[in-house]
Amino acid sequence: MSLRLSLGRPAAIRRRFDLSSVLAISFLAVVVLASLLAPWVAPYSPIEQDYTQMLAPPSAAHLLGTDDLGRDVFSRLIHGGKASLFGALLAVLVGTLIGVPVGLIAGFRGGWIDDVIGRLLDTLLSFPAIVLAVAITGALGIGLTNGMIAVGVVFSPVLARLARAQAMVVKQELYVDAARSFGATNTRILWRHVLPNAVQPLIVQVTLMLAVALLAEASLSFLGLGVQPPWPSWGAMLTRAYHYMEAAPEQMFAPGLAILLTALAFNALGETVRVLLDPTN
Amino acid sequence: MSGNARFLWRRLSQFLPVILLATIVVFGLVQLIPGDPAVTLAGEFATKERIEEVRRLYGLDRPLMVQYGAWLWDALRGDLSQSLLSSKPVADLIIDRFPATLIVVVGAVLLSLAVGIPLGMAAATRARSRFDAAVMAFSSFGVALPSFWLAMVLVYWVALSWQLLPATGSVPFSSAPGDAIAHAILPAIALAAAGIAEVSRQVRSALIEVLASDYIRTLRAKGLRRWRILWQHGLKNIGVTLLTVVGLLINRLLGATVVIEAVFAIPGIGSLLVHAAINKDFAVVQGVVLVMVLIVICLNLIVDFLYAAIDPRVARG
């Protein structure tokens, strides 16, 4: 059975794409494009310092002003988006790669395997996410990649629970029995039948998780556990802005708004995907 | 055994394995350190003697199972080893700093409930109205808002520009209660934004379901007043949802306070954790993570017990 997305008739699709979906998708498209094309789009290098232009207010030369080392804030925002988006994607990818197979196996096999995995998931979910991520990052070594792998590990039980619940429903279906009666192996049944039929709520959850991951990246970088200087990320930019808040308060608005709007857009995208994939809607 | 007793027994029997697994995860954190943990912990320019000293201090030369057993046994007796940086017992550090975290988290939870519940109820009774749409939009913002950024904005305006509240720091509740609360207000608001969003959203959707049920229609038909239906019957029937939300909320706020403490320079266990993680003071990291996870696990157990107490359907199901 192949993955089939119940998209419905074109008119229905158009109705479901309301204004917030359009705005969210357009905004994300701009952010992703700007991040990918950062070296060409950004007017300055994100790490080039200009000591004659420290904490300068917004001007024609520097749209968002300059930071405490005279670096162009607009350019750092564009390059920082790359780090923030990469971090969010990495965390969600790691969470999916760990969580989904574990959850599918637990739900599909049942019995003691499910019990053991269930307790393990309960345990991991009891750790406040950022706390565990800070501890794991500290152990693995400080840096964006390690930090976001840690966040991904912390996310995995959420996806595992969802995958488990889905697998438990799907394994009761007649087509799974049919596949088994044809002699299909467990691996084949899981990969070819259970996963494709369990995937829709997982896609929605993964999309919504991008927003949480983005906030986690910002938090870790803000704490100094993510992107390391001189390279920017939105969270790390806020750390510097905070130090110079009294001298240049406007520095903290652009990165904060970038995080807020991107997280909002990911959530709106998740909502759109949920409505699109929901056959009862 | 009655349904309730069986339910409680089942929950208790799941509680112990989860605690045990949590201790294994916390202990295992040190094993994630690449290479020889003793070399990493001793720092960059450590002498051979210093490395050996660190190895002996944390018993890193013993087999893993022995290390875990000794660590767990010490932890059970309240000994969480000692800090590599300050040489103080980790348990003392945590006890010293815990009140500063507690006052902020408790304040944030109270604020989330005090604002979130009425907001969610008001939205539910006017479902699909403009007001409802505004509450939902506010809720979407609250969930996507980075709490530490809100904290910075609050510090800038409320504390620095308008000078209404202290910007940073923390005062012990025991020495000056009023001052302690004044210092906790901004951090609690910063934390509570996401909490209010979550609580109002959950209360709204649970209450809409309850209000559509037959027994509420019966109550209405027999002429019971609207506010009594809402506050007495409505609230009682979303009790389980509320408890679940509070459980999750405390877990999330304990995490978020780590970042908020950095903004407000609060000497709590969150800032202790971050400082320790950056400086590879791993006994402290393990201690703080252990305390936090135990708080969450115990709260979850209490929440489960309360489920059974307020809603007999939970125990039977």
Side-chain angles (χ1 to χ4, degrees), chain A residues 20 115-116 118-142 146 150 154 208 211-212 214-216 218-220 222-225 234-235 238-239 241-242 245-246 249 252-253 255-268 271, chain B residues 14 17-22 24-26 28-34 37 40 140-141 143-153 155-157 160-161 250-259 262-263 270 273-274 276-282 285-286 288-289 292-297 300:
Chain A
S20 73
D115 281 340
V116 171
R119 284 301 84 72
L120 199 62
L121 296 181
D122 283 347
T123 308
L124 284 176
L125 285 170
S126 303
F127 286 90
I130 287 285
V131 169
L132 193 56
V134 167
I136 295 176
T137 314
L140 287 177
I142 291 163
N146 284 346
V154 177
L208 293 173
V212 189
L214 187 82
L215 293 177
S219 300
L220 284 184
F222 179 75
L223 292 172
L225 289 157
W234 294 337
L238 283 174
T239 317
Y242 191 53
M245 178 191 269
E246 285 183 82
M252 67 184 180
F253 293 114
L257 281 175
I259 300 169
L260 171 64
L261 292 177
T262 310
L264 269 177
F266 277 139
N267 280 336
E271 207 44 42
Chain B
Q14 291 172 345
V18 167
I19 291 246
L20 197 69
L21 279 171
I24 292 175
V25 171
V26 174
L29 284 172
V30 169
Q31 308 307 318
L32 290 178
I33 299 174
T40 309
S140 306
F141 263 88
V143 173
L145 191 66
S147 61
F148 62 96
W149 184 57
L150 175 62
M152 290 166 63
V153 173
V155 167
Y156 178 67
W157 265 301
L160 298 180
S161 297
I250 294 177
N251 180 330
R252 203 162 313 154
L253 294 184
L254 268 178
T257 182
V258 170
V259 195
V263 177
L273 171 75
V274 173
I278 289 175
N279 294 293
K280 309 233 171 271
D281 193 352
F282 253 79
V285 172
Q286 287 179 310
V288 174
V289 176
M292 286 204 177
V293 77
L294 289 182
I295 291 174
V296 173
I297 293 174
N300 284 343

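Predicted, not measured: the structure shown is a model, and the values here were computed from it.
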Mind ranking [options] by heavy-atom pairs under 4.5 Å with chain B and telling me who comes out on top?
options: A/Ser219, A/Gly141, A/Ala241, A/Gly118; result: A/Ser219
options: A/Ile259, A/Leu238, A/Leu140; result: A/Leu238
options: A/Ala265, A/Gly235, A/Ala268, A/Gly138; result: A/Gly138
options: A/Met245, A/Glu271, A/Glu246; result: A/Met245
options: A/Pro249, A/Gly224, A/Ala211, A/Pro255; result: A/Pro249

Applying the side-chain contact (heavy atoms from CB on, under 4.5 Å) test to B/Leu21, which of A/Leu124, A/Leu121, A/Thr123, A/Asp122 qualifies?
A/Thr123
Starting at [atom1] of [X], measure out to [atom2] of [Y] and round the result to the nearest 0.5 Å.
X: B/Leu145; Y: A/Leu257; atom1: CG; atom2: CG; answer: 9.5 Å
X: A/Leu223; Y: B/Ile278; atom1: CG; atom2: CD1; answer: 7.0 Å
X: B/Lys280; Y: A/Ile142; atom1: NZ; atom2: CD1; answer: 5.5 Å
X: A/Leu215; Y: B/Trp149; atom1: CG; atom2: CH2; answer: 12.0 Å
X: A/Ile130; Y: B/Leu254; atom1: CD1; atom2: CG; answer: 12.5 Å

Specify which of [options] makes the most heavy-atom pairs with chain A at under 4.5 Å.
options: B/Ser161, B/Pro146, B/Ala262; value: B/Pro146
options: B/Gln286, B/Gln31, B/Met152, B/Arg252; value: B/Met152
options: B/Asn300, B/Ile250, B/Val285, B/Val274; value: B/Val274
options: B/Val155, B/Ile19, B/Val143, B/Val288; value: B/Val155
options: B/Pro17, B/Ser140, B/Gly270, B/Ala22; value: B/Ala22
options: B/Thr257, B/Leu294, B/Leu273, B/Ile295; value: B/Leu273

Can B/Phe141 and A/Leu264 be said to form a side chain to side chain contact (heavy atoms under 4.5 Å, CB included), step by step?
CA-CA 7 Å; B/Phe141 263 88; A/Leu264 269 177; 3.7 Å; yes
Give a yes or no on this: more than 12 heavy atoms of other residues, nucleotides or ligands lie within 6.0 Å of atom CZ of A/Phe253.
yes
Can you name the closest pair of heavy atoms from [X] and [Y] and give their distance?
X: B/Asn251; Y: A/Pro128; result: OD1-CA, 3.1 Å
X: A/Val131; Y: B/Met292; result: CG2-SD, 3.3 Å
X: A/Ala139; Y: B/Pro34; result: O-CD, 3.3 Å

Checking [X] against chain B: side chain, backbone, both or neither under 4.5 Å from a heavy atom?
X: A/Tyr242; value: both
X: A/Leu225; value: side chain
X: A/Leu125; value: backbone

Heavy-atom contact with chain A under 4.5 Å, split by part of B/Tyr156
both
